[in-house]
Protein chains: 2
Amino acid sequence: MSIRIAPSILSADFGRLEAEIQSASSADLVHVDVMDNHFVPNLTLGLPVVKRIAEVSPMPLDVHLMIEDPDAWAPRYAEVGATSVTYHFEAATNAAQVAKDIRSTGARAAVAIKPATPAEAVFDLLTVVDMVLVMTVEPGFGGQAFMPHVLPKLALLREAATQAGTDLWLEVDGGISADTISQAVAAGADTLVAGSAVFDQADRAAAIAALREAAVPA
Amino acid sequence: MSIRIAPSILSADFGRLEAEIQSASSADLVHVDVMDNHFVPNLTLGLPVVKRIAEVSPMPLDVHLMIEDPDAWAPRYAEVGATSVTYHFEAATNAAQVAKDIRSTGARAAVAIKPATPAEAVFDLLTVVDMVLVMTVEPGFGGQAFMPHVLPKLALLREAATQAGTDLWLEVDGGISADTISQAVAAGADTLVAGSAVFDQADRAAAIAALREAAVPA
């Protein structure tokens with residue numbers, strides 16, 4: 001099974017983002033958390049910062065929009081260089097149209113669900129998205145504890161996708177570390193966001209290698 | 001007359017903010033534009049980024065909140081290290097209380113008005129704030145053209161402050177360059193935000209010196 005590691009710059013040094021992203025270049029993606037003080041009670045960074053990150057990152061950008069009105073904003077993030085744009089099901093007015101609008105730019109579309117949102121809520125979207133993100137913490141802040149009780153959603157999503165005849169990436173975000181990653185992978189996740197587990201470590205390449213090793217126990 | 005130059009990092013390289021801020025250290029303040037996609041149609045950066053900038057900046061932080069609900073958020077920016085926190089009159093529920101809450105942290109409080117908001121709107125606040133910011137463009141984006149027609153507000157604010165027996169800084173933000181700065185200073189501004197006029201120049205110290213020289217014609 002192919003595993004993708006996506007370090008989240010929410011845990012990086014915002015004073016030197018380019019160097020921080022370079023230090024994690026052995027990862028598969030770089031995960032960028034966009035928050036607007038409204039969908040979640042935190043404000044991180046937005047379009048002009050993502051545009052610059054896209055210009056300097058050696059890795060594809062996995063942008064996670066924790067914002068209201070993704071209907072209007074999601075395609076803009078694809079246009080400035082995101083390889084994948086994830087919007088929240090709970091925030092979208094027309095969730096299928098958002099996915100189509102993202103894809104029309106050439107980017108991958110992904111839909112995210114908060115811990116309280118059931119997998120079934122996005123079954124109708126599985127043929128129009130390229131990835132589903134299952135939040136394993138409440139969105140809004142880094143450094144939170146992993147919620148294993150949401151992991152059964154991953155098997156439900158995989159089964160529904162197979163029945164719909166489509167292939168998907170399944171991503172988890174929140175509390176992923178060398179201690180929790182194998183649970184997430186065993187439950188069906190193939191794309192793993194990790195913030196403090198990468199950027200709180202001095203040697204980011206070693207931290208990423210440790211996550212890969214822990215992801216699939218021998 | 002003492003003039004303060006406040007380079008706005010909205011025009012800086014977001015991949016290397018610490019180095020960008022260091023490059024402008026001959027300025028008096030560093031201006032940080034916080035936007036939330038709601039008060040203005042742009043999302044820039046927020047609390048965790050401002051916290052880090054405060055840790056690494058050699059200059060005091062002049063934070064400009066273009067966000068909804070400054071009543072809740074403004075004191076938080078002071079707590080993470082802003083020397084001055086500016087909120088918008090148009091966004092505040094209880095504008096006087098926001099100023100008091102900012103000051104209670106030890107930071108300077110400032111109130112901003114958009115181009116369409118008259119100076120008189122904030123006359124009642126002049127004894128509870130340390131600065132008024134008169135926007136010389138519509139807030140939301142860098143690189144816009146200067147609006148000289150708003151400058152008469154500065155004299156009205158200075159006169160009202162004098163009558164109220166208080167001393168204030170008067171800041172302008174938007175379209176300030178070596179070509180426009182003398183108009184703003186002649187109209188009464190003493191604190192000048194400049195974005196592209198500093199960060200679009202290769203030599204930031206020279207750009208800041210040129211603004212100082214242009215500010216008060218011989």
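Predicted model, so just to flag it, every value in this text is computed and none were measured. Below, read A as the first sequence line, B as the second, and so on, with proteins coming before strands; counting in each chain starts at 1.
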Contact class of A/Ile21 relative to chain B, heavy atoms under 4.5 angstrom: neither
Note, A/Asn37 side chain near B/Asp69 side chain (heavy atom, < 4.5 Å): no
Chain B neighbours within residues 40-52 of chain A, where any heavy atom lies under 4.5 Å away: A/Pro41, A/Asn42, A/Leu43, A/Thr44, A/Leu45, A/Gly46, A/Leu47, A/Pro48, A/Val49, A/Arg52
Spatial distance of atom CD1 (B/Ile53) from atom CZ (A/Phe14) [nearest 0.5 Å]: 10.0 Å
Beyond-backbone contact of A/Asp36 with B/His38, side-chain heavy atoms, under 4.5 angstrom: yes
Between side-chain atoms of residues 116-125 of chain B and protein atoms elsewhere (two or more places apart, or another chain), which donor-acceptor pairs fall under 3.5 Å?
{"residue": "B/Thr117", "atom": "OG1", "partner": "B/Glu90", "partner atom": "OE2", "Å": "2.6"}

